[in-house]
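Read the structure below first, then the notes.
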Amino acid sequence: MNLEAYRVRPRESVRLSHWNTDDDGGLSKQRGQALLLDLQEQLAELQERLYAEGQQALLIVLQARDAGGKDGTVKRVISTFNPNGVQISNFKVPTEEERAHDFLWRVHARVPRSGMVGVFNRSHYEDVLVTRVHGLIDHATVERRLKHIRAFESLLVGARVRVVKFYLHISPEEQRQRLKARLDDPDKRWKFNFSDLEERSYWAEYTAAYEAALTTSTTSAPWYVIPADHKWFRNLLISQVLLHTLKEMNPQFPTPTFNAATTTFQNE
Ligand code: AMP
Ligand code: MG
């Protein structure tokens, strides 16, 4: 699969309407799921190395519209990793305490330490998305925040935190079906939120806000636009990008500071 086709180039201006939501890579679901199994083994091994090495971290940012598949991605993709080495952060409406600080304060505190994989289920990008769509911040503030975000991510990359950002791209029809399923299916009803219907009516405004957010794609902190109408394809593609990223990070088991061959148990 050509991952480059899904990566936003630095300085590229994205028109989301030109990006597929229902791509399946020309694969059957069955084939896709078989490929995923193989990837998962490799992902788990690289994560173990990352943890053992303890010298660098990986930060995975998940952004999407409501019912876009962020939670499903955590459940199906992130679950491949050993939970001991993963820190998941769900960013909700800021608390009074959080609002009393700059917008990156709560986010910076959740950046993974060396050796860890950090997952942001929503992120600092909400501060240029939902806030912008609802007119809570003006244009100049959006621009200023985008600049701060670029600088922040560059700071992280310099501190050996690799950043990879996913926008899970679904069509309005797919969102309608998923929200409808949450209404109709008693086992999914707990996920239904009236505010999702209100947010849905701002589809075009969110598109514009996401297109601006995607301009923060850089070589070291890239955005990937993931066609997410097919959940199995979304899982496969994200896993491939993560594998590619972890391979580039190339974590190594630490060299022992002792000679394992001549080390003996005492009194045995
Ligand atoms: P959920 O992810 O469905 O649990 O919903 C979390 C809610 O928190 C969403 O409606 C987000 O838009 C909202 N949210 C997250 N971060 C922010 C933020 N920085 N400012 C305002 N709302 C936010
Ligand atoms: Mg929600």
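Here, residue 1 is the first one in the sequence, and each next residue gets the next number. Remember, it's 1-based here, ligands and their atoms both numbered in the order they're listed.
Across the listed options Arg132, Arg65, Arg122, Arg122 owns the non-hydrogen atom lying nearest to atom 10 (O) of ligand 1. Of all the listed residues (Val93, Asn193, Asn90), Val93 holds the heavy atom that lies closest to atom 13 (C) of ligand 1.
Atoms of ligand 1 found under 4.0 Å from any heavy atom of Phe91 (numbered from 1 in listed order, with element): 15 (C), 16 (N). For ligand 1 and Val130, the ligand atoms under 4.0 Å from any heavy atom of the residue are 12 (O), 20 (N), 21 (C), 22 (N), 23 (C). Of all atoms in ligand 1, numbered sequentially from 1 with element shown, those under 4.0 Å from a heavy atom of Asp127 are 19 (N).
Residue contacts with ligand 1: Glu126 is placed with a nitrogen or oxygen under 3.5 Å of a nitrogen or oxygen of the ligand (distance criterion only).
Below 30°, between 30° and 60°, or above 60°: for Tyr167 and His169 the angle between ring planes is between 30° and 60°, a tilted geometry. Between Phe192 and Phe194, the ring planes lie perpendicular to each other; the angle is over 60°, past the 30° to 60° tilted range.
Cation-pi check for Arg145 over Phe103 is met; the charged atom lies under 6.0 angstrom from the ring centroid and within 45 degrees of its normal.
Residue-level proximity to ligand 1 for Arg106 is carried by the side chain, the only part with a heavy atom below 4.0 angstrom. Only side-chain heavy atoms of Pro94 come within less than 4.0 Å of ligand 1; its backbone N, CA, C and O stay farther off. Residue contacts with ligand 1, taken as heavy atom pairs separated by less than 4.0 Å, involve Lys92 via backbone and side-chain atoms alike.
Considering only residues two or more places apart in sequence or on other chains, Ala52 meets the side-chain contact (heavy atoms from CB on, under 4.5 Å) condition with Phe253, Pro254.
Proximity of Val164 to Tyr224: side-chain heavy atoms (C-beta onward) are separated by under 4.5 Å at one or more points.
Residue pairs meeting the salt bridge (Lys or Arg N to Asp or Glu O under 4.0 Å) criterion with at least one member in residues 236-250, sequence neighbours excluded, are Arg162-Glu248.
Each of Asp229, Thr21, Ile170, Asp196 was compared with Gln175 under the side chain to side chain contact (heavy atoms under 4.5 Å, CB included) criterion, and only Ile170 meets it.
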